[in-house]
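Not measured: the values here are computed from a predicted model.
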Amino acid sequence: MRTHRCGELRIENVGETVILTGWVNRRREHGEHLAFVDVRDHTGITQCVVDNAVDVRAEYVVKITGTVVERVEGTANDDLPTGAIEIKECDVEVLSIAEPPPFPMDDRADQVDELVRLRHRYVDLRRVRMQRNLRIRSSVNAAIRSAMFNQEFVEVETPMLMPSTPEGAREFLVPSRQKPGNFYALPQSPQLYKQLLMVGGLDRYFQIARCLRDEDLRADRQYEFMQLDMEMSFVDVDDVLSAVEVGVLDAAEAVTGVRPDTVERMTWRDAMERFGIDKPDLRFGMELVELTSVFAETGFKAFSSAAAIKAIKVDQGADEYGRNKLDGLTDEAKSFGAKGMVWLKVRESEAGGLEFESPVAKFLSAEETAAIVTATEAVAGDLVLIIADDWLTTCEVLGELRNRIGRPPVSEGPYKYLWVTDFPLFVGIDATTGQPKTGHHPFCQPHPDDLDKLESDPMSVRAQAYDLVLNGWELGSGSIRIHDPVLQRRVFELLGINEEEANRRFGFFLEPFKYGAPPHGGFAFGIDRLTAILAGEENIREVIAFPKPQSGLDPMTNAPTEVDASVLEEVGIRVLPPTL
RNA sequence: GGUCCCGUAGUGCAGUCUGGAGUGCACGCCGCCCUGUCAAGGCGGAGGUCGCGAGUUCAAAUCUCGUCGGGACCGCCA
């Protein structure tokens, strides 16, 4: 139908008769005998010179046949790759007429209410931004697929209809017609199946897998999302990390043209100590400074009873953070669990040294003041924020403040990939049962050096679990799995799950391990998130063709909808009246 | 479940604090003019349930309450 695409023609094509197809980007009339029509497809725009009698308007779909000519002296457009030429003696065929688009087709649409864009997503998708993002996404998928295939991973599709498992995220349920009153669940992840593929001797499995979780939506969370899901047999942690790295770095290189530096590694403990979070953004410093020992003998009550005291320093933040902003940060700190926040503005003292301007300055001894300055390497004009609490709270609150104050926008480089390793096997105690709660999932292999502490000091046991982090976003996580039924039983017991309950909840999954399970481990990372960061987008909706807004209600299709009573009847469902 | 912000023409805004006729701007749209524009230019025109519902008031886009919708975040996401 066409000889060229709209972004292709150059000065070399002058003289050729060409056929272009696309959408009318804009029309400029100049009296009775002259009008310019910019025809657009995903490759770009070409200017066509037509007679004003031709009635084409914005977003009409057209087929234009004409001759490529060099533009008249002085009328070339340097902003367009095709700006040196135009199409003359055009024969214009209208393939589809169109109503005016509901929003501008250029960058101004970035300011339009997202709901309007989503309601007319098919129009929004024509824009440069969305074309670019979806093509980046396609490159990411292609790079990952070939990276895994080249490493001898086998692509296997696992079922979308699976049994409901009560663990983890809330599931989407699918009623059964053959067995009314019973339900399938859509997979939160292919976790269970991929481990069974290892039992089945696939050795190396991967899948670009759709996962579904019925949890509240966020900028980085949709009901449905895509993961690179993989699992390997006869491996240790390093083997898994290396294999995943190839996929992630290939994808990044495919998009940016630059292969990222090798992925850094950091233990969970170090990440918490230094950055106060298990997904540190390494693009900026502002590391947490340890001050606990400084206040070992302090007379300041807020600090004397705290297990951990740490600080962050805001370079030259003293003037920028007035009373209102500091109060805001304090409220923030409290909302994340701190009892309070101490701020110190560093000033030159009259004696020539440094002193603090702060409501609590008078409670700090000269030695403590000096020690804080030394530890934080503060200079006049800096702002120091101190949190004193139990170790985890101190770290987490400062981690939040650090991100709030220093974190650059997603679109700013560089890309900082990071492995966070040695996560704790258990995090916290379940308030109702008094049993430890798993940090990852109950099939996660404890660190071999910590096996003897499982019963005696479970909270200190590290897991062979690891996360991949990019610029402060958690891309994914994985672990070496338990393949030994005896060890699995020990872990279940610690979690308060007896054998009967384990069989009831995970029976179909545990049974196969009696038939010879290889040691194995794996990983999964979110393709939406990786693509968003590589595209410089703050929100994964911008890299998804048809995403849902925060409510989960689709403004284009109106899903979810009611269904006919007969349909419900068939699956044995009766809908309750809405609760008031 | 919670906190905060937003809702005025197809789109983006101003007006809301301090109540006084839908008062206004830009883009888009429709018509006319225009032979070198390229987010063209000129002239004219159409287009509004101020999200919705109550309340206060002589009078509500504006104040109050409720509700719906959107966004960011917390909870949640093994």
Side-chain angles (χ1 to χ4, degrees), chain A residues 25-40 45-52 57-59 69 71-80 82-83 86 88 98-120 123-124 165-171 188-189 191-192 211-223 225 328 331-332 334-337 396 400 403-404 423 425-428 430 436-444 463 465 474 477 479 491 495 497 505-506 524 526 538-539 541 548-553 555:
Chain A
N25 194 59
R26 214 172 292 277
R27 168 200 176 93
R28 294 176 294 279
E29 294 176 20
H30 290 269
E32 196 177 350
H33 301 294
L34 177 66
F36 300 102
V37 169
D38 293 337
V39 59
R40 181 197 72 234
I45 287 174
T46 298
Q47 173 168 288
C48 301
V49 185
V50 303
D51 189 279
N52 199 6
R57 299 171 188 230
E59 300 308 310
V69 298
R71 290 206 192 179
V72 177
E73 179 83 29
T75 64
N77 184 348
D78 294 336
D79 296 332
L80 279 183
T82 61
E86 61 192 8
K88 279 203 112 161
E99 292 186 9
F103 45 81
M105 297 301 290
D106 55 34
D107 294 345
R108 285 174 291 194
D110 294 338
Q111 313 307 319
V112 170
D113 185 347
E114 194 187 357
L115 198 66
V116 177
R117 291 173 54 208
L118 292 180
R119 199 171 282 140
H120 302 277
V123 176
D124 192 36
T165 52
E167 295 297 295
R170 191 178 294 118
E171 298 166 320
Q188 309 164 32
S189 85
Q191 179 70 34
L192 305 181
C211 305
L212 299 105
R213 294 177 187 174
D214 187 6
E215 298 289 349
D216 289 356
L217 276 42
R218 290 283 165 75
D220 60 353
R221 285 166 18 189
Q222 285 275 305
Y223 283 149
F225 59 100
D331 289 344
E332 196 116 6
K334 286 178 178 170
S335 76
F336 288 110
E396 285 179 340
E400 282 293 338
N403 268 347
R404 203 60 61 119
F423 272 73
L425 187 63
F426 303 109
V427 287
D430 190 300
K437 296 187 289 188
T438 55
H440 193 43
H441 57 61
F443 318 117
C444 187
E474 180 191 326
S477 57
S479 64
V491 171
L495 293 167
I497 301 172
R505 285 160 65 174
F506 309 110
E538 306 265 353
N539 194 308
R541 293 192 295 269
K548 291 180 177 54
Q550 201 160 271
S551 63
L553 310 178

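- Distances shown here put every side-chain N or O of Arg170(A) at or beyond 4.0 Å from the OP1 or OP2 atom of G75(B).
- With the nearest nucleotide of RNA chain B identified for both Pro100(A) and Phe443(A), Pro100(A) has the one nearer the 5' end.
- If you check every strand for non-hydrogen atoms under 4.0 Å, Ser551(A) touches sugar and phosphate atoms only.
- No hydrogens or angles were tested; on distance alone, nothing pairs the side chain of Arg404(A) with the base of C73(B) as donor and acceptor under 3.5 Å.
- Take Arg57(A) and apply the salt bridge (Lys or Arg N to Asp or Glu O under 4.0 Å) test, not counting sequence neighbours, and it matches Asp55(A).
- If you take CZ on Arg213(A) and CD on Gln222(A), they are separated by 13.5 Å, rounding to the nearest 0.5 Å.
- In this structure, Arg26(A) atom CZ and C38(B) atom P are separated by 11 Å, rounded to whole Å.
- Atom OH of Tyr223(A) and atom CG of Leu212(A) lie 11.0 Å apart (nearest 0.5 Å).
- Within the 4.0 Å cut-off from OP1 or OP2 of A72(B), at least one side-chain nitrogen or oxygen of Asn539(A) is found.
- The distance from atom CG of Asn25(A) to atom P of C27(B) is 18 Å, rounded to the nearest whole Å.
- For the P atoms, the distance linking A60(B) with G51(B) amounts to 15 Å, nearest Å.
- Taking only side-chain atoms of Ala169(A), from C-beta outward, the nucleotide of A72(B), U37(B), C77(B) with the closest atom is C77(B).
- For the C1' atom pair drawn from C50(B) and G45(B), the interatomic distance equals 23 Å after rounding to whole Å.
- Looking at residues two or more places apart in sequence or on another chain, you find a salt bridge (Lys or Arg N to Asp or Glu O under 4.0 Å) between Glu114(A) and Arg541(A).
- One atom, CG of Asn403(A), and another, C1' of C74(B), lie 15 Å apart when rounded to the nearest Å.
- As judged by a 4.0 angstrom heavy-atom cut-off over every strand, Arg119(A) is placed among residues making no nucleic acid contact.
- Every residue meeting the side-chain hydrogen bond (donor to acceptor under 3.5 Å, both in side chains) condition with Glu86(A), not counting sequence neighbours, appears here in chain and number order: Gln47(A).
- Salt-bridge annotation for Asp38(A) and Arg28(A): present, with a side-chain N of the basic residue lying under 4.0 Å from a carboxylate O of the acidic one.
- Here the nucleotide nearest the side chain of Arg221(A), chosen from C74(B), C77(B), A72(B), is C77(B).
- Using a 4.0 Å heavy-atom distance criterion, Glu73(A) is classed as making no nucleic acid contact.
- Listed by chain and residue number, nothing satisfies the side-chain hydrogen bond (donor to acceptor under 3.5 Å, both in side chains) test with Glu396(A) (two or more places apart in sequence, or in another chain).
- Judged by Watson-Crick or G-U wobble contacts below 3.5 Å, the nucleotide A72(B) has U3(B) as its partner.
- Pair assignment for A9(B) gives none, since no Watson-Crick or G-U wobble pairing has each distance under 3.5 Å.
- To the nearest whole angstrom, the two C1' atoms, one in U56(B) and one in G44(B), are 44 Å apart.
- With sequence neighbours excluded, the residues satisfying side chain to side chain contact (heavy atoms under 4.5 Å, CB included) with Leu80(A) are Ile45(A), Arg71(A), Asn77(A), Thr82(A).
- Arg170(A) pairs by the side-chain hydrogen bond (donor to acceptor under 3.5 Å, both in side chains) definition with nothing, not counting sequence neighbours.
- Nucleic acid contact for Arg213(A): sugar-phosphate only, since backbone atoms but no base atoms lie under 4.0 Å from a heavy atom of the residue.
- One distance of note links CG of Leu192(A) with CZ of Phe506(A); it measures 8.0 Å at 0.5 Å rounding.
- Rounding to whole angstrom units, CZ of residue Arg71(A) and C1' of G36(B) are separated by 9 Å.
- Asp220(A) is linked by a salt bridge (Lys or Arg N to Asp or Glu O under 4.0 Å) to Arg529(A), counting only residues two or more places apart in sequence or in another chain.
- Each of Val49(A) and Ser335(A) has a nearest nucleotide on RNA chain B; the 5'-most of these lies closest to Val49(A).
- With a cut-off of 3.5 Å on both Watson-Crick or G-U wobble distances, the partner of A40(B) is given as none.
- A donor N or O paired with an acceptor N or O is not found under 3.5 Å between the base of G71(B) and the side-chain atoms of Lys548(A).
- Rounded to whole Å, the P atom of U62(B) lies 9 Å from the corresponding atom of C17(B).
- For Glu29(A), the side-chain hydrogen bond (donor to acceptor under 3.5 Å, both in side chains) criterion is met by Arg27(A), not counting sequence neighbours.
- Rounded to the nearest Å, the gap between the P atom of C4(B) and that of A9(B) is 27 Å.
- Partner assigned to C29(B) is G45(B), using Watson-Crick or G-U wobble distances below 3.5 angstrom.
- A distance of 6.5 Å separates OG of Ser479(A) from CD of Gln191(A), quoted to the nearest 0.5 Å.
- If you take CG of Leu115(A) and C1' of G70(B), they are 6 Å apart, rounded to a whole angstrom.
- Under the salt bridge (Lys or Arg N to Asp or Glu O under 4.0 Å) criterion, Asp106(A) pairs with Arg26(A), Arg108(A), sequence neighbours left out.
- Each of A39(B), U37(B), G69(B) was ranked by its minimum atom distance to the side chain of Glu86(A); first place goes to U37(B).
- Within the 4.0 angstrom heavy-atom criterion, no nucleotide atom of any strand lies near Ala463(A).
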Check nucleotides 1-5 of chain B for protein N or O atoms closer than 3.5 Å to its own N or O atoms and list the pairs.
residue	atom	partner	partner atom	Å
G1(B)	O6	Asp216(A)	OD2	3.4

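- Rounded to the nearest Å, the gap between the C1' atom of A46(B) and that of C27(B) is 16 Å.
- Among the heavy atoms of the strands lying under 4.0 Å from Thr75(A) is at least one base atom, whether or not backbone atoms are also near.
- Look at U67(B): its Watson-Crick or wobble partner, with both distances under 3.5 angstrom, is G51(B).
- Going from the C1' atom of G47(B) to that of G10(B) covers 9 Å, rounded to whole Å.
- For A40(B), the OP1/OP2 oxygens have a side-chain nitrogen or oxygen of Arg28(A) closer than 4.0 Å.
- Comparing the same atom, C1', in C77(B) and in U18(B) gives a spacing of 47 Å after rounding to whole Å.
- Asp113(A) CG to Phe103(A) CZ: the interatomic distance, rounded to the nearest 0.5 Å, is 11.0 Å.
- Searching all strands for a Watson-Crick or G-U wobble partner of A59(B) with both distances below 3.5 Å returns nothing.
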request  = Any chance you could list the contact pattern along nucleotides 6-13 of chain B? Use B for base contacts, S for sugar-phosphate-only contacts and - for none, protein heavy atoms under 4.0 Å, 5' to 3'.
outcome  = ----SSS-
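- Within the structure, every side-chain polar atom (N or O) of Gln47(A) is placed at least 4.0 Å from both OP1 and OP2 of U37(B).
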For nucleotides 32-35 of chain B, print each protein N/O atom paired with a nucleotide N/O atom at under 3.5 Å, atom names and distance only.
residue	atom	partner	partner atom	Å
C34(B)	N3	Gly31(A)	N	3.2
C34(B)	N4	Glu29(A)	OE1	3.0
U35(B)	O4'	His30(A)	O	3.2

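- Using the Watson-Crick or G-U wobble rule with both distances under 3.5 Å, G22(B) pairs with nothing in any strand shown.
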